[in-house]
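These figures come from a predicted structure and were not determined experimentally. These values consider heavy atoms only, across backbone and side chains, with no hydrogens, waters or symmetry-generated copies. Residue indices begin at 1 and follow the sequence shown.
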Amino acid sequence: MRNSKEVYYKILNIPTDSSPQEIRNAYKNLVKKWHPDKHPPSSKSEAESHFKAITEAYEALNDLQENRATLFQEMVTGEMRSRPKSDRILGSRKEGIRSTGNVGIQNAIPSFSKSILRKAPPTERKLECTLEELSTGCKKEFKYTRDTVAKNGLIEKKEETVKIKVKPGWKKGTKITYEGLGDERRGYLPADLVIYISEKKHSVFKRSGNDLVLKTEVPLVCALTGWTFSFRLLNGEKMSCMFNDEIIYPGYEKVFKGYGMPLAGEKGKRGDLRIKFLIVFPKKLTDEQRLGLVEILNQCK
């Protein structure tokens, strides 16, 4: 058994006197590197072999024999169920280790069912971002709490922090996945941490795809005779709009090309800024105002 343990330490690329935490950290790093889903078809077979051997080594060094025996009873074939617990565990390890004369990762591939490599369901969290952050991009530290399996097999709560680089143009629902950083469950591979982007409501703009929409009220007299108003863009820049030769009618929309949100992954491209107007009618008119309005309407005929 001494030689077997040395092989497992070698697979995880750690000293034989490593602490349980060092074993756990080595396992997490190698799982990220060799997960089959992260490899192209040309190297997927090799990745699966490494992945199985890494998992076997981690379980062996953490003394999870009883847990694995229980999983065997529930998951593996009828032939395997008929064998004693000790034979199933030790046999699977020995078969993998002595398959060839060389000691290495390929020699330590376990012969147990692939079902033992099931992963716990994803741990999902939300990260709220302002439109300003989604427009310019930013770096954020995200703190969350997850379940971890202690050496005694009990579940413990642990606070974790991941650093997230929010890229310009990300939208609500954008998903960021961190391999193996989610909840842990006995007998399963650690879950992935999946973070979804959510958008914080803005006081001025509303996002519509890659466009920004600004709604503003304009008095009827200004809609007919001319109007100027100012506002600040998401980057803080002040923008002024002048309507001297245009009549602002109900449903009128002014579009400024390229002043919207950046398009994720398309450098230099942006959506549009659309200004929508709500015309405010006066509640009452004086006789003089009525006559003046009639004269204006007659001129328009």
Side-chain angles (χ1 to χ4, degrees), residues 124-142 164-176 194-301:
E124 299 180 345
R125 300 288 188 270
K126 285 186 178 181
L127 174 64
E128 189 176 62
C129 297
T130 65
L131 278 182
E132 286 83 358
E133 291 172 333
L134 295 174
S135 176
T136 60
C138 65
K139 294 181 180 179
K140 299 175 77 77
E141 286 194 352
F142 182 76
I164 301 175
K165 185 178 181 180
V166 177
K167 296 183 179 180
W170 275 6
K171 298 178 181 179
K172 177 182 178 181
T174 297
K175 182 173 72 172
I176 312 106
V194 179
I195 299 176
Y196 292 93
I197 296 295
S198 66
E199 293 180 358
K200 188 176 182 179
K201 186 176 180 180
H202 199 272
S203 59
V204 176
F205 300 103
K206 183 177 180 180
R207 186 174 186 175
S208 176
N210 293 314
D211 294 344
L212 289 174
V213 179
L214 186 155
K215 293 182 178 180
T216 185
E217 295 182 346
V218 52
L220 176 61
V221 64
C222 296
L224 297 173
T225 61
W227 191 48
T228 299
F229 80 106
S230 301
F231 59 92
R232 292 194 178 275
L233 299 172
L234 292 176
N235 61 5
E237 179 185 347
K238 187 176 181 180
M239 186 171 185
S240 296
C241 299
M242 296 185 358
F243 301 88
N244 294 327
D245 301 323
E246 300 173 74
I247 300 296
I248 301 176
Y249 52 84
Y252 180 81
E253 183 177 287
K254 184 72 173 179
V255 178
F256 293 89
K257 294 289 185 180
Y259 280 84
M261 296 292 290
L263 276 61
E266 298 185 43
K267 190 174 182 180
K269 294 186 178 181
R270 304 182 75 94
D272 300 330
L273 169 62
R274 292 157 34 203
I275 301 178
K276 296 184 176 183
F277 300 92
L278 175 63
I279 299 176
V280 180
F281 285 77
K283 294 182 179 179
K284 61 181 180 178
L285 294 173
T286 64
D287 291 340
E288 185 178 351
Q289 288 173 327
R290 288 176 185 276
L291 289 173
L293 183 58
V294 170
E295 290 179 4
I296 293 175
L297 293 176
N298 288 333
Q299 293 174 7
C300 295
K301 292 181 179 180

- Query: Yes or no on side chain to side chain contact (heavy atoms under 4.5 Å, CB included) for Glu133 and Lys140, after CA distance, side-chain angles and deciding distance?
  - Reply: CA-CA 10 Å; Glu133 291 172 333; Lys140 299 175 77 77; 3.1 Å; yes
- Item | Spacing of CG belonging to Leu127 relative to CD1 belonging to Ile197, to within rounding of 0.5 Å | 4.5 Å
- Task: Tell me, with the steps shown, if Phe277 and Glu253 meet side chain to side chain contact (heavy atoms under 4.5 Å, CB included).
- Result: CA-CA 7 Å; Phe277 300 92; Glu253 183 177 287; over 6 Å; no
- Item | Donor-acceptor under 3.5 Å (Thr136 side chain, Glu132 main chain) | yes
- Measure the spacing between CE of Met239 and CZ of Phe231 and express it to the nearest 0.5 Å. 5.0 Å
- Which is it for Lys276 and Leu214 under the side chain to side chain contact (heavy atoms under 4.5 Å, CB included) test, yes or no, and what are the steps along the way? CA-CA 6 Å; Lys276 296 184 176 183; Leu214 186 155; over 6 Å; no
Donor-acceptor contacts under 3.5 Å from residues 204-212 side chains, at least two apart:
unit_1 : atom_1 : unit_2 : atom_2 : d
Arg207 : NE     : Gly209 : O      : 2.9
Arg207 : NH1    : Trp170 : O      : 2.8
Arg207 : NH1    : Glu199 : OE2    : 2.9
Arg207 : NH2    : Gly169 : O      : 3.1
Asp211 : OD1    : Asp272 : N      : 2.8
Asp211 : OD2    : Arg274 : NH1    : 3.3

- Task: Output the distance between atom NZ (Lys126) and atom OH (Tyr196), rounded to the nearest 0.5 Å.
- Result: 10.0 Å
- Can you tell me how far the OG atom of Ser135 sits from the CG atom of Asn235, to the nearest 0.5 Å? 7.0 Å
- Which heavy atom in Pro262 sits nearest to a heavy atom in Leu134, and how many Å separate them? CG-O, 4.3 Å
- Message: So which atom in Lys172 and which in Ser198 form the shortest heavy-atom distance, rounded to 0.1 Å?
- Response: CG-CA, 4.3 Å
- Is there a donor-acceptor contact under 3.5 Å from the side chain of Glu246 to the main chain of Phe243? no
- Intermediate values then yes/no, side chain to side chain contact (heavy atoms under 4.5 Å, CB included), Arg125 and Phe142: CA-CA 10 Å; Arg125 300 288 188 270; Phe142 182 76; 3.5 Å; yes
- Looking only at non-hydrogen atoms, find the nearest pair between Val218 and Ala223 and report the distance. CG2-N, 3.8 Å
- Those residues that, when tested against Lys238, pass side-chain contact (heavy atoms from CB on, under 4.5 Å) (two or more places apart): Ser230, Arg232
- Query: Looking only at heavy atoms, which two atoms of Leu263 and Gly271 are closest? And how far apart?
  - Reply: CD1-N, 3.5 Å
- Heavy-atom count around Lys200 NZ within 6.0 Å, excluding the residue itself: above 12? no
- Query: Quick one: CD1 on Ile195 to CD on Glu124, what's the gap to the nearest 0.5 Å?
  - Reply: 11.0 Å
- If you look at every heavy atom in Phe256 and Ile275, which pair is closest and at what distance? CE1-CD1, 3.5 Å
- Nearest heavy atoms of Asn244 and Met242, plus distance in Å: ND2-CE, 3.7 Å
- Task: Look up atom CG in Leu273 and atom CG in Leu234, then write down how far apart they are to the nearest 0.5 Å.
- Result: 9.0 Å
